[in-house]
Amino acid sequence: MERLGEREKSVHEAFGWAARDSSGHLSPFVFSRRETGEEEVRVKVLYCGICHSDLHCLKNEWHSSIYPLVPGHEIVGEVSEIGRKVSKFNIGDKVGVGCIVDSCRACESCREDQENYCTKAVATYNGVHNDGTVNYGGYSDHVVVDERYAVKIPHMLPLASAAPLLCAGISMYSPMKYFGLAGPGKHVGIVGLGGLGHIGVRFAKAFGTKVTVVSSTAGKCKDALENLGADGFLVSTDEDQMQAAMGTMDGIIDTVSASHSIVPLIGLLKSNGKLVLLSAAEKPFDLPSFSLIMGRKSVVGSGIGGMKETQEMIDFAAEHGIEADVEIISMEYVNTAMDRLAKGDVRYRFVIDIANTLVAASRS
Ligand code: NAP
Ligand code: ZN
């Protein structure tokens with residue numbers, strides 16, 4: 001009996017790294033996970049990407065952080081336990097968990113496979129589960145999730161570089177499809193060449209869309225053109241370059257993580273063009289109405305994607321060999337990685353090797 005008791009305890013005990021306050025400093029944290037429900041899977045986390053949203057949240061830049069906070073919503077792992085009614089997954093399957101782990105499942109958004117826009121969608125971390133507990137994310141040894149909110153990772157995708165697809169990938173794929181920017185004859189601008197931006201370039205090329213990177217870092221030009229395959233590169237602070245490109249783009253996807261002016265970006269759009277904001281910077285944008293009136297332009301937003309579309313995106317990535325350029329790090333390195341991410345010093349996504357480095361770090 002004792003041994004069984006020990007086993008049950010170990011099933012629910014979890015290790016992760018958490019921030020305790022808005023300094024954002026992460027350190028080892030022991031907590032517990034619920035039992036695997038009938039329609040849920042328990043996932044041993046193998047890799048977890050570091051999204052800039054993790055950094056915004058750690059530092060409470062959105063004024064909604066609940067501490068202790070275990071970030072992580074670019075999770076790739078292996079199913080270790082399944083509930084009685086699970087039909088999509090088997091033990092040992094490689095799965096991905098992204099930014100949401102629940103939604104109301106009944107509203108128009110949920111019925112239309114856009115759970116990401118459900119007003120009751122529950123975030124993978126810093127979200128409140130229906131039993132009242134606060135969710136902890138993927139900087140931890142395992143997660144428990146309803147099978148509806150997990151996706152299959154095709155065999156051909158390398159796991160570490162697939163992890164960023166769960167947030168960065170779907171966040172770029174979804175607006176390009178929805179706003180009609182995914183295909184030959186279209187020209188998209190991608191502003192900010194970071195985690196989201198670089199995957200966006202790869203998706204745009206796979207769609208056959210012409211893509212121009214708009215970056216504040218001139219030093220990224222060679223890599224954007226030669227490694228990522230962008231068709232053009234503009235330095236956003238170079239007025240001559242920006243002026244020459246006025247009125248040339250059908251759409252722009254803005255992924256800049258810091259406050260910046262969007263008026264010059266709107267100038268790059270053709271008539272009827274759309275500036276899609278993914279950027280979740282703390283401060284609101286200035287938006288003079290004449291920048292939109294002249295050319296019937298729109299400024300819109302987009303947030304990740306639904307579960308069906310996330311699976312579609314992962315399958316598309318596997319088919320077209322799209323993966324993120326990653327720097328794989330140990331859990332111990334995470335605070336240094338956050339400092340580097342804040343300075344834009346990453347090409348282009350940090351991914352934590354959770355399976356090989358977390359437990360040792362947590363117990364030390
Ligand atoms: P990231 O890897 O840090 O990349 C952001 C890029 O923005 C940087 O590489 C840099 O590109 C540019 N940038 C940063 N500071 C700048 C400044 N002061 N002025 C001009 N450009 C600057 O971040 P990420 O993970 O891609 O996330 C980007 C943003 O999207 C974050 O705000 C994040 O929270 C948000 N996000 C939104 C969604 C969504 O669904 N809407 C999903 C995920 C993340 P250059 O060097 O090329 O200029
Ligand atoms: Zn994210």
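Order of listing sets the numbers, starting from 1, for every ligand and every atom in it. Computed from a prediction, not measured in an experiment: that's the story for all the values here.
Contact atoms of ligand 1 toward Ala258: 15 (N), 16 (C), 17 (C), 18 (N) (distance under 4.0 Å to a heavy atom of the residue). Near Lys220, meaning under 4.0 Å from one of its heavy atoms, ligand 1 places the atoms 9 (O), 11 (O), 45 (P), 46 (O), 47 (O).
Note on Val299: it does not cluster hydrophobically with Phe179, by side-chain heavy-atom contacts below 4.5 Å among ILVMFWY residues.
Contact annotation: His52 places no N, O or S atom under 2.8 Å from the Zn ion (ligand 2).
Between His260 and ligand 1 there is no heavy-atom distance shorter than 4.0 Å. Heavy atoms of Gly344 come nearer than 4.0 angstrom to ligand 1 in no pair at all. For Ala168, the closest heavy-atom approach to ligand 1 does not fall below 4.0 Å.
Counting heavy atoms under 4.0 Å from ligand 1, residue Trp62 touches it through the side chain alone. Proximity of Ser302 to ligand 1, defined as any heavy-atom pair under 4.0 Å, is confined to the backbone N, CA, C and O atoms.
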Exercise for the section: Apply ring-ring contact (aromatic ring centres under 6.0 Å, His included) to the pair Phe207 and Tyr173, showing each step before the final yes or no. Expected result: CA-CA 10 Å; Phe207 291 140; Tyr173 180 95; 5.5 Å; yes

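Ionic pairing of Asp250 and Lys274 is not present here: no N-O contact between side-chain nitrogen and carboxylate oxygen is shorter than 4.0 angstrom.
Here the CD1 atom belonging to Ile322 is positioned 11.0 Å from the CD1 atom belonging to Ile314, to the nearest 0.5 angstrom.
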